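Not measured: the values here are computed from a predicted model. Heads up: numbering here begins at 1 and tracks the sequence. The figures here come from the full heavy-atom set of this structure, side chains too, leaving out hydrogens, waters and symmetry mates.
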Amino acid sequence: MISVVFVGYLANAFFNVLQAGATPARIAGSLACLLTIGFLQLRVFSRPSADLRSVKAHLALAALALLVFVPVLFFPNAWSGMPGFLAGSALLVLPGRVRWFVFAAVALANAATKIGQYEIGLLAYYLVSSMVAGLVVFGLSRLPSLVKQLETARSELADLAVSQERLRFARDLHDLLGFSLSAITLKVELARRMLGEHTERALRELAEILGIAREALTDVRAVASSYRELSLTDEIESARSVLTAAGVATTIQADPAELSPRSRTVLAAVLREGVTNLLRHSLAGRCSITIARSGRTVSIDIVNDGVPAQADGERGSGLTNLATRAKAIGGSLLVQTSPAGTFRLLAEVPAEPEPEEPARESRPAGPPIETRFAQVLLTTVVIGYGVMATTLASYDYDTVGVAGIALAAVSNVVIAALVLGVVSRPHVRPALGYAALAGLAVCVYVPQFVFSNPYIGGVPGFLAGSAALLLPRRLNWVAFVAVVAGQAVIARAVGEDSVNIEYFIIAATNHGLVLYALTRLRSMVTQLHEAREELATAAVTQERLRFARDLHDLLGYSLSAITLKSELTHRLATIDPARARQELTEVLEISRQALADVRSVALSYRELSFDEETQSAQALLSAADIEVTVRIDACDQLPTEVKVTLATVLREGVTNLLRHSKAEHCEIVLESSRDLVTMDIVNDGISSNDHGSRDGSGIGNLTTRVRALGGELQAGPTPQHTYRLRAEIPIL
């Protein structure tokens with residue numbers, strides 16, 4: 001269709017050359033110029049794989065400018081349709097606001113070359129026709145490229161969805177299973193010491209080990225099925241038991257008030273993580289746990305007298321995950337140490353989170369940018385063609401008068417409304433479609449028959465294109481040809497010459513194909529966007545299945561073995577303490593191995609690849625029509641945790657750019673020296689919420705991660721009117 005439309009423009013120019021004077025020199029010269037223009041447009045500017053920012057593209061644009069304006073000296077009137085190619089190609093090749101300046105300059109130049117030859121009405125026609133033709137050239141050349149980029153980006157976006165799911169898996173592993181296995185290990189060591197001398201106490205510990213192991217098996221199934229609600233009551237009892245077994249004097253005050261499942265789950269996760277950190281990273285002798293409700297909020301306050309090795313600003317992944325969870329439901333997390341040597345973990349969450357919040361998070365942000373671009377382009381072209389048709393009608397003012405011009409204007413307004421409101425919409429009901437076609441036919445043909453003038457009325461090509469879009473297959477293109485041929489018959493009947501008849505045929509064909517192509521391509525972009533989301537969902541589902549399989553293979557066996565051996569030990573404790581102690585030793589080894597397996601699986605799901613993130617960022621930004629420059633120093637020698645953190649910063653930076661700015665250019669630079677690595681993400685789209693971006697959970701989480709490695713994160717506008725996200729991390 002691109003080829004047919006472009007050839008239509010070129011053929012119209014050639015026929016006008018023949019009408020002005022068909023000498024061999026004029027025929028050969030015009031054909032050479034027109035064929036070169038067609039070659040440049042189809043093989044350079046309209047190819048989806050073409051690099052339109054290259055030197056070759058700029059040279060081709062300069063050559064096209066010569067081919068558009070120099071022949072005007074020899075074919076002044078015949079060449080008036082060619083500036084549209086230059087205007088559209090300038091939009092494709094040139095950057096930023098420059099392209100729109102050139103676009104307008106080309107259209108004005110086309111009208112300026114006609115000053116002194118035509119009255120103001122036709123000058124306006126040539127101005128508008130250049131702009132509309134430029135948009136047609138731009139749209140038909142750009143949309144196939146967008147479709148190809150979307151096809152390429154689908155797999156990258158699916159990978160992003162999978163990576164997000166992996167991070168969630170890692171968090172659930174840490175929150176649910178890490179604690180259980182740590183508690184089992186601690187209690188097995190205690191029970192082994194108690195066997196023989198304090199058998200009754202050992203039996204109680206074994207019973208609790210069995211309970212924790214069975215609960216851990218349930219947790220495995222819960223994570224695999226994405227059901228993450230925890231029981232706060234069970235966690236309180238488990239924390240009391242584990243802390244007591246570890247010799248920590250524990251005081252627990254809990255308000256049994258009713259809480260929403262989400263708040264209860266977050267509080268349970270905070271309690272579990274706080275107890276886990278206490279057992280792993282401190283030498284506490286006393287611990288106080290207070291759960292209280294105040295108004296619409298509920299808090300959990302965990303205070304112990306054993307300051308962990310981690311400082312305030314160096315949260316582990318567990319505390320970072322808790323902070324993310326709390327913020328997700330409108331809460332907060334506070335971690336602090338005091339000079340008196342106490343450590344405090346305080347979380348506050350709403351007792352009943354607003355029900356609208358999850359819906360807000362999951363609601364789509366609106367149609368994708370490619371769909372909006374296609375809709376705006378289609379609307380502009382339809383209105384532009386209507387303005388051109390009305391302008392042509394005004395040229396015959398002497399014969400049709402005010403009534404003819406008014407009727408033409410009303411017809412074009414109604415046609416534009418029908419095309420944009422009905423024809424171009426997806427899934428039009430047949431009855432509504434046929435009614436729209438009837439209305440279009442009335443607006444096209446009634447004015448022509450009333451005034452016996454084919455220039456009066458609506459755009460006939462829109463009737464042809466609408467028939468191709470709305471009628472059943474096979475009949476649609478027959479109707480398209482019939483409308484085009486009918487326009488030629490009408491022109492012949494009112495006495496138009498052969499050149500004008502040729503003009504009506506080409507114009508109706510081009511207008512119809514442009515409407516059909518832009519509508520269908522917009523529909524294709526929408527379908528690809530939906531398919532992209534379905535693909536991402538399918539990829540996440542596949543990842544969940546793989547994760548469930550990993551859990552079963554790695555942890556299912558270990559937890560089952562722990563359960564069976566604990567039951568056996570419970571039976572042997574009184575009749576064969578030596579054998580029971582041996583079984584407990586094996587349980588201890590299995591639990592330690594299972595804990596290592598949890599860390600292994602969580603690590604494999606948590607680590608991000610910087611190289612993959614860089615490639616994904618390039619694909620995403622290109623798909624959003626953002627020109628991206630990437631300069632990466634060799635980063636193979638960087639420590640793994642540094643590369644993972646940089647990959648996370650890159651992902652968050654690109655995500656924020658796409659969500660909150662209207663950038664046209666983005667630069668990603670990674671530089672490393674012997675003792676420092678820096679990464680800058682700079683774009684020219686200052687977002688509307690830049691001043692508050694530092695407070696967002698995304699930037700806050702990044703700051704925490706970067707500071708955990710001894711680095712610094714900076715985000716905000718620069719004096720050069722750009723937005724920069726900069727991460728500096730020392731290399732130890």
Grab the two heavy atoms, one from [X] and one from [Y], that are nearest each other, plus how far apart they are.
X    : Y    : value
V266 : V349 : CG1-CG1, 3.9 Å
S299 : L346 : CB-CD1, 4.2 Å
L210 : S566 : CD2-CB, 3.7 Å
V649 : A727 : CG1-CB, 4.3 Å
L650 : M679 : N-CE, 3.7 Å
A715 : Y723 : CB-OH, 3.6 Å

Please enumerate all residues that pass side-chain contact (heavy atoms from CB on, under 4.5 Å) together with [X], with sequence neighbours excluded.
X    : result
V248 : L243, A246, T250, L278, C287
Q253 : T290
P730 : none
T342 : V303, S338

Do the side chains of [Y] and [X] get nearer than 4.5 Å, heavy atoms only?
X    : Y    : result
V298 : E348 : no
I681 : C666 : yes
L345 : V270 : yes
L646 : I729 : yes
T648 : L702 : yes
H665 : N683 : no
I302 : R344 : no
I329 : S263 : yes

If you measure from [atom1] on [X] to [atom2] on [Y], what distance do you get to the nearest 0.5 Å?
X    : Y    : atom1 : atom2 : result
I291 : E235 : CD1   : CD    : 10.0 Å
T569 : L584 : OG1   : CG    : 4.5 Å
L709 : T645 : CG    : OG1   : 4.5 Å
L638 : F610 : CG    : CZ    : 8.5 Å
L232 : L267 : CG    : CG    : 6.0 Å
E728 : E712 : CD    : CD    : 8.0 Å

Begin from the C-alpha positions of H570 and L203 and carry the test side chain to side chain contact (heavy atoms under 4.5 Å, CB included) through to its verdict. CA-CA 6 Å; H570 194 275; L203 288 174; 4.0 Å; yes
Salt bridge (Lys or Arg N to Asp or Glu O under 4.0 Å) partners of [X], counting only residues at least two apart:
X    : result
E589 : none
R193 : none
D684 : none

List the residues meeting side-chain hydrogen bond (donor to acceptor under 3.5 Å, both in side chains) with [X], not counting sequence neighbours, and say none if there are none.
X    : answer
D305 : none
E671 : none
S332 : none
E667 : R631

Just wondering, more than 12 heavy atoms not from L283 lying within 6.0 Å of its CG?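 Count not over threshold, so no.
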Stepwise side chain to side chain contact (heavy atoms under 4.5 Å, CB included) check, L271 with I236: CA-CA 8 Å; L271 177 57; I236 291 172; 3.8 Å; yes
Could you go through D680 and L725, starting from their C-alpha distance and side-chain angles, then the distance that decides it, and tell me whether this counts as side chain to side chain contact (heavy atoms under 4.5 Å, CB included)? CA-CA 6 Å; D680 289 303; L725 178 64; over 6 Å; no
Donor-acceptor pairs are to be reported for all side-chain atoms of residues 185-192 against protein atoms at under 3.5 Å, with residues two or more places apart or in another chain.
unit_1 : atom_1 : unit_2 : atom_2 : d
T185   : OG1    : L181   : O      : 2.9
T185   : OG1    : S591   : OG     : 3.3
K187   : NZ     : E205   : OE1    : 3.0
K187   : NZ     : E208   : OE1    : 2.4
K187   : NZ     : S241   : OG     : 3.1
E189   : OE2    : R592   : NH2    : 2.7
R192   : NH1    : T585   : OG1    : 3.3

Would K643 and E641 count as a salt bridge (Lys or Arg N to Asp or Glu O under 4.0 Å) here? Give the steps. CA-CA 6 Å; K643 289 194 290 186; E641 62 270 22; over 6 Å; no
